[in-house]
Amino acid sequence: MKAIAVCPGKADSAHVTDVPKPAVTDVPDGHGVLVRVLRVGLDGTDKEINAGEYGTAPDGEDILITGHESLGVVEEVGPAVKEVRPGDLVVARVRRAGGSLYDLIDTPDMTTDEAYFEHGISRVHGFLREYYVEEPRYLIPVPAALRHVAVLLEPTSVAEKGILQAYDIQRRLKVWHPRRAAVLGAGTIGLLATMILRNRGLEVTTFGLEQAPYLNSELVEAIGASYVSTRETSLAQVAARGGAFDLVFEATGYSPIVFDAMCGLLAKNGVLILSSVTGGMRRSEVPSDAINLDFVLGNKVMFGTVNASREHFEEGVRDLAITETRTLGWLSRLLTHPIPGLDRYDDALAALGEPGAIKVYVEVSPDNG
Ligand code: BGC
Ligand code: ZN
């Protein structure tokens, strides 16, 4: 069967390859689930992997099958599988368990292992292939009514984890009634974080570079949030005018903005969520005394978040459903660039950089559902 693979560490190495079709018996004791892949979304991580800057092949192999944002349909299950049935729609979790305490309790997103396992990214093959076989504990069932938008579930789970953990952390305050949230970045993660925070009833301001109106600013406004272009108005100006923010979600991919957010933007007792994976070597000079003082005197918190575990995918399913009910068609508007078939993978990579691209995804096999 066909798959898309890279040679990790080598730039522009993405290619179509032929690999054996997996079988349910590849997982011992009857626990295998054979999944036919329908759609796979791409993001900046895939771009970095194809640039040779990120990504690790499985032990003893030279290539890595890429793709981590999947949607598939169960075709066959082993005799011990009770959780899913043929015909069910599933999204696969990205991390697999390693050896740390956190892996043991099914939260590999919190692993402390140096070498961790992420499908399509690190040490395990990804989903840009016609079929994969997985254990039920790594599969999230998706309601049929969300079929057309469920390829957004993996990036949604990443935003959910950050926001749920912020609420957990804020239990330190005994009473926390966040009113104003800021989302930095209006790409896929920024838009999905805006959606989740709006579903929770917060007043949300989402910051992007581009000047409004354009698709992303229209999407922000369509769910009742406000869009601000940082070309026109700085973070500090917005905070000075309307007040500081109880929760800030950073998803720009531009690390210097973190320090601006720490100082001017975050309210007393506020929480700042960092979600950008910045693989570069950027350095910046910061007003360290002012930032430190502000954090100490304001009881502020900042934390990093990566990946997601089952509960975040499940919360993501609920938020996608709420949004489909409240603002039908909003999620579909994020699916800007469908790429038909694995053979057109080059087009998918090129589309990632195009203006107007939000979610680029490969239609791996025909979806007749
Ligand atoms: C993926 C996450 C992953 C992270 C770091 C992101 O693009 O969506 O699942 O943990 O990259 O590799
Ligand atoms: Zn990703």
Side-chain angles (χ1 to χ4, degrees), residues 4 6 8-9 14 39-58 64-71 91-98 100 102-103 106-128 132 134 138-140 150-165 185 187-193 196 249-255 273-280 303-316 334-335 337 348-349 351-353 357-362:
I4 301 296
V6 296
R39 292 175 166 185
V40 173
L42 271 72
D43 69 1
T45 303
D46 299 290
K47 213 170 161 176
E48 281 187 17
I49 292 173
N50 189 49
E53 293 163 5
Y54 198 57
T56 310
L64 171 73
I65 298 176
T66 59
H68 61 277
E69 301 180 1
S70 71
L71 170 67
V91 168
R93 291 164 62 179
V94 176
R95 278 220 184 148
R96 301 194 107 250
S100 82
Y102 306 96
D103 297 276
D106 196 30
T107 56
D109 57 309
M110 300 303 284
T111 195
T112 49
D113 291 352
E114 279 309 318
Y116 52 83
F117 299 89
E118 287 184 342
H119 283 283
I121 301 172
S122 180
R123 300 179 173 83
V124 223
H125 290 307
F127 306 114
L128 273 165
Y132 68 88
E134 189 48 289
Y138 292 117
L139 298 173
I140 312 293
V151 72
L152 292 168
L153 183 57
E154 194 278 337
T156 304
S157 74
V158 168
E160 293 285 5
K161 176 182 171 185
I163 292 165
L164 283 172
Q165 294 216 325
T188 305
I189 296 286
L191 290 169
L192 292 169
I196 295 164
F249 192 109
E250 200 294 310
T252 60
Y254 180 67
S255 56
I273 306 163
L274 307 186
S275 78
S276 295
V277 179
T278 50
F303 72 99
T305 178
V306 69
N307 199 256
S309 57
R310 175 173 289 276
E311 63 174 306
H312 311 120
F313 280 87
E314 290 173 349
E315 189 73 4
L334 270 67
L335 300 175
H337 286 60
L349 282 171
L352 271 181
I358 299 179
K359 184 45 65 192
V360 176
Y361 60 101
V362 179

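As a basis for the values below, the full set of heavy atoms in this structure was taken, side chains included, without hydrogen atoms, waters or symmetry mates. Order of appearance sets the numbers: ligands from 1, and atoms from 1 within every ligand.
- Residue contacts with ligand 1 for Ile121 involve side-chain atoms from C-beta outward but no N, CA, C or O (heavy atoms, distance under 4.0 Å).
- Looking at Thr66, Val6, Leu352 one by one, the single match for side-chain contact (heavy atoms from CB on, under 4.5 Å) with Asn50 turns out to be Val6.
- Restricting Asp43 to its N/O/S atoms, the shortest distance to the Zn ion (ligand 2) is reached by OD2.
- At a cut-off of 3.5 Å, with distance as the only test, no side-chain donor of Ser70 or Glu154 sits close to an acceptor on the other residue.
- Within the 4.5 Å cutoff, the side chain of Ile49 has no heavy atoms near those of the Pro8 side chain.
- Closest to atom 6 (C) of ligand 1 among all protein heavy atoms lies Thr45 OG1, 3.5 Å.
- On a distance-only criterion, Arg95 and ligand 1 share no N/O pair closer than 3.5 Å.
- Looking at Arg93, Glu154, His68, Glu118, it is Glu118 that brings a heavy atom closest to atom 3 (C) of ligand 1.
- Taking the side chain as every heavy atom from C-beta outward, Lys359 and Asp43 approach each other to under 4.5 Å.
- Of all the heavy atoms of Asp109, none lies under 4.0 Å from any atom of ligand 1, so neither backbone nor side chain is involved.
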Just do the salt bridge (Lys or Arg N to Asp or Glu O under 4.0 Å) check on Asp106 and Arg93 with the steps written out, would you? CA-CA 11 Å; Asp106 196 30; Arg93 291 164 62 179; 3.1 Å; yes

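- His125 places a side-chain heavy atom less than 4.5 Å from the side chain of Pro58.
- The protein heavy atom nearest to atom 5 (C) of ligand 1 is Tyr54 OH, 3.3 Å.
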